[in-house]
2 protein chains.
Amino acid sequence: MVKNPKVVIVGGGFGGLWAAKALAGKPVDVTLIDRKNHHVFQPLLYQVATAVLSPGEVASPIRRILHSAPNIEVILGEAADFDIAENRLILEDGTRVHFDYLILAAGARHSYFGKDDWETWAPGLKTLEDAVEIRRRIFLAFELAERKAALTGTHDPLNFVVVGGGPTGVELAGAIADIARQALKSDFKVIDTTKARVMLFEGSDRVLGTFAGDLSDSAKRQLEELGVEVQLNSFVTEIEPGRIKAGDEWIECEVVLWATGVAASPLGAKLGVETDRAGRVKVEPDLSTPGHPNVFVVGDMAHLLLENGLPVPGVSPAAMQMGTFAATAVIRDLKGKTRGSFEYVDKGSMATIGRSRAIAHVFGMKFRGVIAWLLWLFLHVFFLIGFRNRLFVLMGWFWAYLTRERSARLITGDADELRNALIFMEGESAARLLDKFSRPTRPPVQRSPRP
Amino acid sequence: MVKNPKVVIVGGGFGGLWAAKALAGKPVDVTLIDRKNHHVFQPLLYQVATAVLSPGEVASPIRRILHSAPNIEVILGEAADFDIAENRLILEDGTRVHFDYLILAAGARHSYFGKDDWETWAPGLKTLEDAVEIRRRIFLAFELAERKAALTGTHDPLNFVVVGGGPTGVELAGAIADIARQALKSDFKVIDTTKARVMLFEGSDRVLGTFAGDLSDSAKRQLEELGVEVQLNSFVTEIEPGRIKAGDEWIECEVVLWATGVAASPLGAKLGVETDRAGRVKVEPDLSTPGHPNVFVVGDMAHLLLENGLPVPGVSPAAMQMGTFAATAVIRDLKGKTRGSFEYVDKGSMATIGRSRAIAHVFGMKFRGVIAWLLWLFLHVFFLIGFRNRLFVLMGWFWAYLTRERSARLITGDADELRNALIFMEGESAARLLDKFSRPTRPPVQRSPRP
């Protein structure tokens with residue numbers, strides 16, 4: 001009997017997972033490699049960061065999702081390099097993995113535009129660990145203010161800054177405003193949480209810039225109804241512990257969250273083919289890499305211009321469609337059929353803003369407010385992977401909606417870190433101490449004196 | 001108007017929380033101080049460690065639980081010392097907090113009998129962080145074995161060791177056996193998870209030694225039905241990365257969990273009064289400390305002999321009763337009434353062993369197997385704090401019971417740690433690498449050559 005061709009998939013996000021699903025039961029042997037054991041349902045990650053959902057409610061073990069496919073094995077590991085001439089993927093420990101076909105779907109992270117040290121003070125939201133870290137910072141800021149106010153009678157202003165007015169930035173800003181004005185109001189006895197300020201900085205002239213202008217305007221209005229201060233045409237040019245610089249102005253803030261800039265996985269650059277400024281691989285119309293028809297790149301790692309001259313957007317439906325297309329191309333190869341060209345089907349888009357607020361552009365129609373939010377809710381629960389998760393998420397939302405409670409607001413982390421942070425609290429702003437709680441520990445940064 | 005007396009409570013576990021609840025709405029000003037923002041429902045912590053429940057399902061924000069009591073404020077902080085003569089509690093940053101009454105309920109941790117370096121290789125289960133770390137080790141062991149088997153064709157034996165045959169040890173061992181034999185069986189394509197060995201070491205001649213002999217015997221039988229190898233009269237005398245020594249025999253193992261030994265919070269020793277060998281404060285019959293009638297010690301920090309000559313057991317019902325008693329004593333003081341003596345009401349005890357297995361001794365009757373398990377389930381859900389949690393936990397169990405699935409089996413942690421561990425994997429046993437994943441990072445320990 002002839003051995004089945006070997007397909008190696010790198011990444012268990014939407015692109016890689018949908019490729020694997022399309023290859024389930026087909027005459028190929030599939031190995032999916034991811035450095036995490038779980039697929040994350042990214043559109044709901046901000047709900048973990050803002051304590052509506054628990055990590056387990058937006059993530060599923062990859063091998064569980066694929067357990068019924070006998071031809072797919074799942075391996076925990078990190079792709080580090082390639083030997084394309086020899087059809088080998090090289091793992092982080094040097095192991096060489098043979099492939100007949102390779103589907104790269106390793107996604108993207110945030111870009112700090114060369115200022116990588118900002119990540120410590122302004123984390124982005126891509127992984128479950130990011131979400132738990134952001135949750136910790138948000139709720140810790142309130143706790144430290146309450147503590148300081150209870151023990152000394154005063155506290156620093158509670159300012160939250162979100163950098164970037166795309167979907168993630170809008171979701172985070174809206175949710176933090178809701179937390180401060182509703183969820184925590186009755187739980188804090190000393191401080192007035194409703195006095196917290198939430199500032200959203202966006203460099204362009206509107207939020208959610210990929211939407212039609214009137215929907216962007218609606219989103220801005222809805223954010224402002226929630227109490228978010230939306231700053232358009234405003235770039236954040238410096239980030240230090242406890243403050244940021246926007247334009248010429250330094251602004252004190254307890255928490256800074258980063259929701260702008262995209263950098264594709266560095267794996268793409270190692271293929272030795274052309275990439276765009278964000279490190280995305282410029283793929284052929286069939287999603288293969290130039291000169292290597294058996295190596296596909298899909299999802300946020302891929303750069304492809306559509307016939308209308310626009311790039312395929314970096315959204316989950318596009319990643320799913322690309323993953324499915326690459327898998328189908330493999331099967332068509334094996335059957336001796338032509339691959340054809342990838343076509344992106346835009347099923348519309350939606351963005352949520354806060355409790356019962358959203359905008360949506362679907363079925364050629366525009367929706368705002370509660371109706372858009374219900375649409376968003378329905379679609380996201382529907383697509384969420386795994387029945388248990390679907391059920392739990394729906395219940396979690398229903399509960400949060402009824403009670404305005406955020407039950408998942410746990411501050412977890414190392415006890416030593418907390419103690420260290422609190423030891424230094426005396427006489428210092430709580431703001432400057434949040435850095436103590438960031439995972440990538442570094443020596444404390446000396447703040448330059450104010451002008 | 002006269003100022004209300006100030007009651008400071010240290011610790012938001014069962015003892016401190018029940019004291020606070022008993023003081024809600026009473027003519028005292030209460031400050032509860034805990035170094036975490038959440039109360040943990042400890043009896044279900046092992047379910048987080050074994051991926052049936054998510055951290056958010058067994059924990060609630062302390063200030064949320066107490067939010068409706070106008071006279072109670074909650075502060076994040078760590079008690080470090082006392083100035084008892086001046087009625088001051090000293091926090092970790094040196095802040096001095098005045099009290100008229102002090103209720104100490106800072107609990108206990110595991111004791112490694114002087115071998116504190118064992119904690120790195122054999123974590124115990126007291127906090128949410130512990131539970132997530134144990135979950136990570138258990139599921140990572142299977143992942144690393146699968147990876148090695150897929151890439152090299154072979155893997156080291158998958159051995160799990162649990163040290164201590166008390167309730168936590170029995171729960172963990174039973175759950176791991178269930179994970180290996182049921183939950184993961186169909187998800188791993190290369191390794192046979194049912195071949196994993198689970199060994200439980202207990203120094204005395206029976207497991208669950210606080211129960212009647214026939215119930216202990218039943219528990220041992222139920223564990224063995226699940227596939228756990230129960231080793232009685234067997235002390236673990238050495239723990240190194242990748243192996244343990246029991247008696248004269250070294251045993252290779254991927255994961256070691258520590259479920260024995262109790263050490264009270266070191267705060268007790270700072271009171272300057274007599275403590276027992278485990279560091280528990282020897283309290284007066286009214287739970288106050290000798291010479292300081294306004295300082296109470298409750299829960300796992302307190303040592304009190306009952307009239308029958310036995311100590312109050314270190315279980316949650318005892319902590320709740322002691323917390324309530326101390327609060328009531330404060331109120332009785334204010335009313336000019338006598339305090340009386342604490343009396344422990346033993347409502348029975350139960351221990352769960354695995355899916356639908358347990359033992360229980362309640363209402364003067366003994367139960368085993370499914371009936372005991374249903375009793376356990378009912379009582380724990382009933383007492384679980386917070387309606388949302390109650391509902392979610394019940395659903396999580398129901399789902400896990402129906403499907404034998406463990407949906408919360410996320411391996412979270414730093415990506416760098418995983419990469420580092422995997423880099424060193426080649427040529428080494430996966431076992432020795434698990435240490436890379438333990439939070440308190442230390443220089444790698446050199447293994448001595450085998451005899």
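Heavy-atom basis, side chains included; hydrogens, waters and symmetry copies ignored. These numbers come from a predicted model, not from an experiment. In what follows, chains carry the letters A, B, and so on, assigned in the order in which the sequence lines appear, proteins first and then strands, with residues in each chain numbered from 1.
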Quick one, [X] and [Y] - any side-chain contact, counting heavy atoms below 4.5 Å?
{"X": "B/Arg63", "Y": "A/Lys189", "result": "no"}
{"X": "B/Thr152", "Y": "A/Thr95", "result": "no"}
{"X": "B/Leu140", "Y": "A/Leu76", "result": "yes"}
{"X": "B/Val190", "Y": "A/Ile75", "result": "no"}

Please determine, among A/Ser68, A/Ala69, A/Ala80, the option with the most heavy-atom pairs under 4.5 Å with chain B.
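Ranked by contacts with chain B, first place is A/Ala69.
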Side chain from CB out, backbone as N, CA, C, O: work out which of these in A/Ile33 comes under 4.5 Å of a heavy atom of chain B, or both, or neither.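 Interface part for A/Ile33: neither.
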Which region of A/Val97, side chain (C-beta onward) or backbone (N, CA, C, O), has a non-hydrogen atom less than 4.5 Å from a non-hydrogen atom of chain B, or is it both or neither?
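Contact with chain B is through the side chain of A/Val97 alone.
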**OP:** In plain terms, say whether A/Glu92 and B/Arg147 are close enough for a salt bridge, that is, a side-chain N and a carboxylate O under 4.0 Å apart.
**Re:**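 Looking at B/Arg147 together with A/Glu92, the answer is yes, because their closest N to O distance falls below 4.0 Å.
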Checklist entry - With a 4.0 Å cut-off, would you call A/Asp187 and B/Arg64 a salt bridge? => result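 Answer for the salt bridge query: yes.
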